[in-house]
Chemist: 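Below you will find the structure I want to go over with you.
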2 protein chains.
Amino acid sequence: MLFPMSRNPEEPVYNRIEAARISLGLSRQELADKAGVHYQTIGYLEREEYSPSLVLALRIAKALNQEVSELFSLNPIKKGK
Amino acid sequence: MLFPMSRNPEEPVYNRIEAARISLGLSRQELADKAGVHYQTIGYLEREEYSPSLVLALRIAKALNQEVSELFSLNPIKKGK
DNA sequence: GAGTTATGTTGCATTAATGCTACATAGCAT
DNA sequence: ATGCTATGTAGCATTAATGCAACATAACTC
């Protein structure tokens, strides 16, 4: 798989968007609406096909009531919580 | 002044990069090296001429030993603190 | 079966973020 | 005065992030 990812193809960004979204009982469309983006964009992010802009990351974090650092990481997300 | 800013021209991202950098006694060049970006990029960010990618925001936060949410905000940065 | 919802996939167009180069300026040394 | 460092500015090229449309599919309900 390719990692286009920002300006740094070598350093992808991992996230827990899907888990956080599901735990709130939201569909992608609903999260997209709360964050003000296209619903496909949420899909791309959950599949980690690319990493978001900071603006988008901040909006998603707000929509999910999470800290940016809890949702996104430069290191692979550890499974246990 | 214009606000190109990500995909959302209406919603800029504010930051405290300069204050944090100076309090660590770093030049832009040094911070840029630590974050792995061009030194001009730090300048653009400090002047808030555009907002960084999430990857870059995470790297800068790490280089400055700060939380992303402490360095960047969707709301204007309050002076005190 | 028909319809709806949620998701995945592909492709295309636009634009902002970044790198880089060059030049200017100001300050601070020597 | 000469140099060096830090910074601002402008321009150009590249590419990733996003929007959007179209289509497929699976699950579920009626």
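Reminder, nothing fancy here: chain letters follow the sequence lines and each chain counts from 1.
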Chemist: Using only modelled atom types and a 3.5 angstrom limit, is any donor from either the side chain of A:Y44 or the base of C:dT7 paired with an acceptor on the other?
Modeler: no

Chemist: Please list, pair by pair, any protein nitrogen or oxygen found under 3.5 Å from a nitrogen or oxygen in nucleotides 22-30 of chain D.
Modeler:
unit_1, atom_1, unit_2, atom_2, d
D:dA22, N6, A:Q40, NE2, 2.8

Chemist: Taking 4.0 Å as the cut-off, does a side-chain nitrogen or oxygen of A:R21 come that near to OP1 or OP2 on C:dA6?
Modeler: no

Chemist: B:E49 has an atom CD; how far is it from atom P of C:dT18, in whole Å?
Modeler: 13 Å

Chemist: With sequence neighbours left out, write down each residue that passes side-chain contact (heavy atoms from CB on, under 4.5 Å) with B:Y39, or none if nothing qualifies.
Modeler: B:Q29, B:A32

Chemist: From the list D:dT9, D:dT18, C:dG19, which nucleotide is the closest neighbour of the side chain of B:H38?
Modeler: C:dG19

Chemist: So, using side-chain contact (heavy atoms from CB on, under 4.5 Å) as the criterion, who are the partners of B:Q66 when residues are at least two apart?
Modeler: B:A20, B:L64, B:E70, B:L71

Chemist: Provide, to the nearest angstrom, the distance between the OH atom belonging to A:Y50 and the P atom belonging to D:dA16.
Modeler: 13 Å

Chemist: Is the shortest side-chain N/O distance from A:S51 to OP1 or OP2 of D:dA16 below 4.0 Å?
Modeler: no

Chemist: Look at the side chain of A:S27 and decide which nucleotide, out of C:dA17, D:dG19, C:dT7, has an atom nearest to it.
Modeler: C:dT7

Chemist: Quickly work out the B:L56 CG to C:dG19 C1' distance and round it to whole Å.
Modeler: 12 Å

Chemist: Round to a whole Å and report the spacing from CD1 of B:I42 to C1' of C:dT18.
Modeler: 11 Å

Chemist: Could you state the atom-to-atom distance from CG of B:L54 to P of C:dT18 in whole Å?
Modeler: 11 Å

Chemist: So does B:R21 pair up with B:E30, basic N to acidic O under 4.0 Å?
Modeler: no

Chemist: Return the value, rounded to whole Å, for the distance between atom CD of A:Q29 and atom P of D:dA21.
Modeler: 12 Å

